[in-house]
Every structure is written in C-alpha cells, then in structure tokens.
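Read the structure below first, then the notes.
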Amino acid sequence: VYTGVDIRQKKALPVAELHRLLYDDPKSERLRHTQTIAALMFQFCGMSFADLAHLEKSSLDSNVLRYNRIKTKTPMSVEVLDTAKEMINQLRSSQMTPSDCPDYLFDILSGDKKRKDEGAYREYRHSWATTAKYRGVPIEMISESLGHKSIKTTQIYLKGFNLQERTEVNRMNLSYVRNCYVTRGK
C-alpha cells in the first residue's frame, strides 16, 4: 500500500540551493514575500508551511512561538531568533477577525472560517533538518525540533551524505585507527 511518502526520495535542498533561495534577490515583490516566508520556516527549525500558515497571534509570546503541529497535534516551542523579528513584523496580519475564527499571525490564510473548518496539509522539504544533520546535530535533537514522535520519521526526511563525504569519514576513521595503534604501540 502506497502511503504517499516515498522514503527513497530525500527532499532536502543542497546547502548552495538553500542559500540561493534564502538570500539571493528574487527580483520581484511577490517572490520576495515568498522568500520571507521560506526564511521564516527555516528559522523556525524547519517549520512546515501548514504550521506557519496556521500560527495565531496568541502563539507568539514575547520571544517564543508556542503552537501545536497541524499534522500531529504535537505541542511545539520555538525561540524567535533576532533575524526573524523583522520578517515577522513585515508579514504580520493586521486583520480583525470574529472571536470564533482564528486570529492568524500572518496574512497567509484569511481567518474567515470557523476553527473546526481548518484542514489541509502539504508536503514540505526538511532542509533545516538536513543542514543540522550535516553540522553534527544529534538526530534526537533534530527529531524533537521537528515535532516528530519517532526518529524513524525524521530519518525519512533527511538527505543522505554523498560519496565524497562518506569517503572523507572513511579516511578519518582509518587514520584514527592507524594513529591510535601507533601511539599505543610506542
């Protein structure tokens, strides 16, 4: 049975593409707006678009975002980095909404639907997770930051290391063993 998740296809962007996406000038206001959304998702520990779109104004408490993931309902907390503050203010919604409707933090969703009508979830890339993995962050920390209940879920989204990186690790391991033996043998 196909569940819609292909564990063989890793969805993280290579770091050079990620840098281009987050920092190169896209040359249009509409794309700059999209770039800001992507940058916030990355700075919020790889937050999914669905979670970002559904953030309510009450989710932002001083310097911390507190919310429940749309997909799993897992409670999450993310500290807002200084670099994200201006972006939040740039995208912040100024709309007034009825009390029985969501008061969204950003102007992504209209907030004119009652809370029970909310739904929908989209696939997203876990470039933040893969970047953290490449930097040596323990998979347990990555998994917790993404709100995954299982490390196996996190591993599905992580891009693997390429041959050159694996070869370098192999060389370092061999060198470590060789040097360790020489040092102890003397």
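Start at 1 with the first residue, then count along the sequence. The structure presented is a predicted model; accordingly, all values stated were derived computationally and were not measured.
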Atom [atom1] of [X] and atom [atom2] of [Y]: how far apart are they, to the nearest 0.5 Å?
X: Thr72; Y: Lys149; atom1: OG1; atom2: NZ; value: 5.5 Å
X: Ile142; Y: Trp128; atom1: CD1; atom2: CH2; value: 6.5 Å
X: Ile108; Y: Leu91; atom1: CD1; atom2: CG; value: 7.0 Å
X: Leu158; Y: Thr130; atom1: CG; atom2: OG1; value: 5.0 Å
X: Met172; Y: Asn179; atom1: CE; atom2: CG; value: 13.0 Å
X: Cys101; Y: Gln95; atom1: SG; atom2: CD; value: 11.0 Å

How about Glu144: does its CD atom have over 12 heavy atoms from other parts shown lying under 6.0 Å from it?
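Atom CD in Glu144 is not crowded, with 12 or fewer foreign heavy atoms closer than 6.0 Å.
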Using every non-hydrogen atom in the two residues, find where [X] and [Y] come nearest and quote the distance to one decimal.
X: Leu146; Y: Gly46; answer: CD2-O, 4.1 Å
X: Ile70; Y: Ala50; answer: CG1-O, 3.7 Å
X: Ala39; Y: Met87; answer: CB-SD, 3.7 Å

Side-chain heavy-atom pair [X], [Y] within 4.5 angstrom cut-off:
X: His33; Y: Ile37; answer: yes
X: Met41; Y: Leu52; answer: yes
X: Tyr67; Y: Met47; answer: yes
X: Ser93; Y: Phe106; answer: no
X: Leu65; Y: Leu105; answer: yes
X: His54; Y: Pro102; answer: no

| said: Would the distance check show the side chain of Ser145 and the main-chain N or O of Met141 forming a donor-acceptor pair, the cut-off being under 3.5 Å? | reply: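 The answer is yes, because a donor-acceptor pair under 3.5 Å joins these two groups.
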- request: Among residues two or more places apart or on two chains, list those pairs meeting side chain to side chain donor-acceptor pair (under 3.5 Å) that have a residue in residues 132-141.
  value: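 Matches after skipping sequence neighbours: none remain.
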Taking salt bridge (charged side-chain N to carboxylate O under 4.0 Å, His left out) as the test, write out the residues that go with Glu29, two or more places apart.
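Residues passing salt bridge (charged side-chain N to carboxylate O under 4.0 Å, His left out) with Glu29: Arg32.
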ask   = Got a sec, which residues hit salt bridge (charged side-chain N to carboxylate O under 4.0 Å, His left out) with Arg66, two or more places apart in sequence or on another chain?
value =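 Checked Arg66 against salt bridge (charged side-chain N to carboxylate O under 4.0 Å, His left out); zero matches.
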Is it true that His148 and Ser143 share a donor-acceptor pair across their side chains at a distance under 3.5 Å?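 Absent: no donor and acceptor within the cut-off.
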Side-chain polar contacts of residues 76-83 - donor-acceptor pairs under 3.5 angstrom, sequence neighbours left out - could you list them?
| unit_1 | atom_1 | unit_2 | atom_2 | d |
| --- | --- | --- | --- | --- |
| Asp82 | OD1 | Lys85 | NZ | 3.0 |
| Thr83 | OG1 | Gln43 | OE1 | 2.5 |

Distance-only criterion, 3.5 Å: show the donor-acceptor pairs between side-chain atoms of residues 13-24 and protein atoms not counting sequence neighbours.
none

Non-neighbouring partners of Thr34 that pass side-chain contact (heavy atoms from CB on, under 4.5 Å), sequence neighbours left out =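 By the side-chain contact (heavy atoms from CB on, under 4.5 Å) rule, Thr34 matches no residue at all.
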